[in-house]
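Report on the structure given below.
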Amino acid sequence: MTKSSEETAPAKSAPEPAPEPAGEARRMTRRGWTLVVSGSLFLIFVVLGSVVPVPFVAISPGPTYDTLGRDAAGNPVIQVTGHETHPTTGELRMTTVSLHDGVTLFQGLGFWASGRFALAPREEYFKPGETNEQVKQENIQQLQDSQTNAQVAALRKLGYPIKVLAKQIVSGSPADHVLAPGDKLITVNGKKIVEAADVRAALNGTLPGQTVQITFQSDGQPERTVPLTLAARPDRKEGFIGLTAVDRADAPFTVNISLQDVGGPSAGLMFTLAIIDRLQSGDLAGGRHIAGTGEITETGEVDPIGGISFKVVGAREAGATDFLVPEHNCAEAKSTAPEGLNLIKVSTLDDALTQLANLKAGRPTAAC
C-alpha cells in the first residue's frame, strides 16, 4: 500500500534562532556603561554632599541665661564681694545666637528646610584663613570687654567715681617706656581727665613736636608728672601720645560676672541691669520674665547687635514675655517677633531703667 506523501515525508527540525546583530550587542554595552557611570557619579555626589563643607554657616536661636540666676556650675552670674546685695524676683535674661560651621551640602539643605535656621556666607563671620579657635578667642575677648563695660556703666549710674586707665601703649610712641597699661591718667596737657574721651580732647590744638605735661599714677606709687614730645600720625593733625585710654569704676568692692561657653558683646545691657538690680533695692524685673540684648558702652549707650530675629525666638521659647530691643534693631525684631512677646525700644541705659519701671507699674512701654 502506498503511503500518502504527508506520511512518508521526512520530519523537519525546528529552525535555529538567528544570531543577534552586532549593533544590538553594542547598544546594550553602551546602556550598561551609562548605568555604571551614572551610578558612580551619584555615589560621588552623595559622599561629597555628606562630608565636604560648603562655604556657608547655619544660624539658629541659641541658649538664654538669666543674669539674675546662676551659671552651669551653680555660681551666681553676678558675684559681688565687699558690698551688700539685694534680693530680686523674676528674670533678666540675656539671649544668644548659635553658629554652626563646617556645614555640608546635605546638612545645609536640611537646616534650610527646617525653617529654624538661616544660612549665611562664611566670610561674614570668619576672616580669610581664620580658624574656629581664633573666632572663639575673639568672642571671649568681646565678652570680657562687654562685662567690663557693663560694670563701668552700672557703677557710674549708681554714682560711684570713675577712673581713667591706660589700656594699651603703642610701641615706639612718646608714651612707650614712660607709662604702662593700668596706669591711672590724671591730667594731660593741663586738663583734668574724667573719662577716656578727655585724653583725645586734651590734645586738640596741639601739633607734632610740641611738648605737653602728663600726670599719671602707677599702682601703689605716688603721682608723677612728665613731659612728652608729641609725635605725628597720618590720620590726625594734632599731636599723638600713643596710648589707648579706658574708663574703670573706682569702687571699694568688686563685681565679677560668671558665665561660661558664651561669647560676643551683645549681653552688655542685661549684665548692666543685673548689676544694678543686685546693688540697689527696687527689684527691676518685678517678678516678670524679661529678656533683652544690646551692646553697652562705658557711658551707657545701647548699641545694635546681630541676630535679633533669632534672639526674640529664643527668648519667647524660654518663657520671656517682654524683650528689650536696641532702637536700631527694632524694624528687624518687629518683623520676626513671635506672638506674645512685647518688644520694648531702648537706646540708653536710662531708657531701659525707665521702661522696666513702666512695666513694673503697669504703664505703657516704648514699642518698637
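Residues Leu269 and Val346 are in side-chain contact: their nearest non-hydrogen atoms beyond the backbone lie under 4.5 Å apart. Between Asn358 and Ile344 the shortest side-chain heavy-atom distance does not fall below 4.5 Å. Residues Thr229 and Pro174 are not in side-chain contact: their nearest non-hydrogen atoms beyond the backbone lie 4.5 Å or more apart.
With sequence neighbours excluded, no residue forms a side-chain hydrogen bond (donor to acceptor under 3.5 Å, both in side chains) with Ser98. In this structure, the side-chain hydrogen bond (donor to acceptor under 3.5 Å, both in side chains) partners of Thr215, at least two apart in sequence or on a different chain, are Thr187, Thr225. The side-chain hydrogen bond (donor to acceptor under 3.5 Å, both in side chains) test applied to Arg288 returns Asp322, not counting sequence neighbours. Scored by the side-chain hydrogen bond (donor to acceptor under 3.5 Å, both in side chains) test, Arg93 finds Thr64, Glu91 as partners (sequence neighbours excluded). Partners of Glu238 by salt bridge (Lys or Arg N to Asp or Glu O under 4.0 Å), not counting sequence neighbours, listed by chain and number: Arg200.
Although no hydrogens or angles enter the test, the distance criterion places no donor-acceptor pair under 3.5 Å between the side chain of Asn189 and the main chain of Lys191. Side chain of Ser60 to backbone of Phe117: no donor-acceptor contact under 3.5 angstrom is found. Between the side chain of Gln210 and the main chain of Leu207, a donor-acceptor pair closer than 3.5 Å is present. Panel note: side chain Thr85, backbone Leu279; no donor-acceptor pair is recorded below 3.5 Å. Distance alone, capped at 3.5 Å, is enough to place a donor-acceptor pair between the Arg278 side chain and the Leu68 backbone. Side-chain atoms of Gln79 come within 3.5 Å of backbone N or O of Pro76 as a donor-acceptor pair. Between the side chain of Asp176 and the backbone N or O of Ser173, no donor-acceptor pair lies under 3.5 Å.
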Give the intermediate values and the outcome of side-chain contact (heavy atoms from CB on, under 4.5 Å) for residues Leu349 and Ile276.
CA-CA 11 Å; Leu349 174 58; Ile276 292 173; 4.1 Å; yes
### Message
Test side chain to side chain donor-acceptor pair (under 3.5 Å) on Thr297 and Glu295; report intermediate values, then the result.
### Response
CA-CA 7 Å; Thr297 69; Glu295 186 174 353; over 6 Å; no
Exercise. Are Arg236 and Arg233 close enough, and set up right, to give a side-chain contact (heavy atoms from CB on, under 4.5 Å), and what steps lead you there?
Worked result: CA-CA 6 Å; Arg236 66 186 68 182; Arg233 279 281 296 265; 3.7 Å; yes
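Electrostatic pairing of Glu298 and Arg248 counts as a salt bridge here, judged by a charged N lying under 4.0 Å from a carboxylate O. Salt-bridge annotation for Arg156 and Asp247: present, with a side-chain N of the basic residue lying under 4.0 Å from a carboxylate O of the acidic one.
Grouping the Ile, Leu, Val, Met, Phe, Trp and Tyr side chains by contacts below 4.5 angstrom, directly or via other members, places Ile257 apart from Ile140. Linking ILVMFWY residues whenever their side-chain heavy atoms come closer than 4.5 Å, directly or via other members, leaves Leu341 and Phe310 in distinct clusters. Neither Ile290 nor Val313 shares a network with the other; the hydrophobic side chains, linked directly or stepwise wherever heavy atoms of I, L, V, M, F, W or Y lie under 4.5 Å apart, form separate groups for each.
Between the CG atom in Asn256 and the CG atom in Asn75 there is a gap of 11.0 Å [rounded to 0.5 Å]. Atom-to-atom distance recorded for Glu327:CD and Asp303:CG is 11.5 Å, nearest 0.5 angstrom. Remark: His289 NE2 to Leu92 CG distance equals 10.5 Å, nearest 0.5 Å.
Residue Val246 is found in a hydrophobic cluster whose other members, listed by chain and number, are Leu165; membership requires side-chain heavy atoms under 4.5 Å apart, directly or through intermediates. Leu203 belongs to a hydrophobic cluster whose other members, connected by ILVMFWY side-chain contacts under 4.5 Å either directly or through intermediates, are Val164, Ile169, Val178, Leu179, Leu185, Val188, Ile193, Val199, Val212, Ile214, Phe216, Val226, Leu228, Leu230, Ile241, Leu243.
The ring-ring contact (aromatic ring centres under 6.0 Å, His included) pairs that include a residue from residues 312-350 number zero, where partners must be two or more places apart or lie in different chains. Annotation: salt bridge (charged side-chain N to carboxylate O under 4.0 Å, His left out) contacts involving residues 341-360, sequence neighbours excluded, comprise Lys157-Asp350. Residues in residues 155-195 take part in these ring-ring contact (aromatic ring centres under 6.0 Å, His included) pairs, two or more places apart or across chains: Tyr160-Phe253. Residue pairs meeting the disulfide (SG to SG under 2.5 Å) criterion with at least one member in residues 310-368, sequence neighbours excluded, are Cys330-Cys368.
Side-chain atoms of Thr88 and Asp277 form no donor-acceptor pair, as typed in the model, at a separation below 3.5 Å. Judged by distance alone, the side chains of Thr89 and Asp283 do bring a donor and an acceptor atom under 3.5 Å apart. When only modelled atom types and interatomic distance are considered, Thr293 and Lys311 share a side-chain donor-acceptor pair under 3.5 Å.
Closest non-hydrogen pair, Ala249 versus Ile162, comes out as CA-CD1, 3.9 Å. What you find for Met270 and Ala291 is that their closest heavy atoms are CE-C, 3.9 Å. Minimum heavy-atom separation, Ile305 to Ser266: CG2-CB, 3.3 Å. Across Pro338 and Arg316, no two heavy atoms sit closer than the pair CG-CB, 3.4 Å. Taking both residues in full, the closest heavy atoms of Gly242 and Ala175 are given as O-CB, 4.0 Å, listed atom of the first, atom of the second, then distance. For the pair Gly294 and Val302, the tightest heavy-atom approach, listed with the atom from each and the gap, is CA-CG1, 4.0 Å.
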Identify every side-chain donor-acceptor pair in residues 148-155 under 3.5 Å, counting partners at least two apart or on other chains, and give the distances.
{"from": "Thr148", "atom 1": "OG1", "to": "Gln144", "atom 2": "O", "distance (Å)": "3.1"}
{"from": "Asn149", "atom 1": "ND2", "to": "Ile296", "atom 2": "O", "distance (Å)": "3.4"}
{"from": "Gln151", "atom 1": "NE2", "to": "Val255", "atom 2": "O", "distance (Å)": "3.3"}

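Counting non-hydrogen atoms of neighbouring residues, nucleotides and ligands closer than 6.0 angstrom, the NZ atom of Lys237 reaches no more than 12 such neighbours. Environment of CG in Asp219: sparse, with no more than 12 heavy atoms of neighbouring residues, nucleotides or ligands closer than 6.0 Å.
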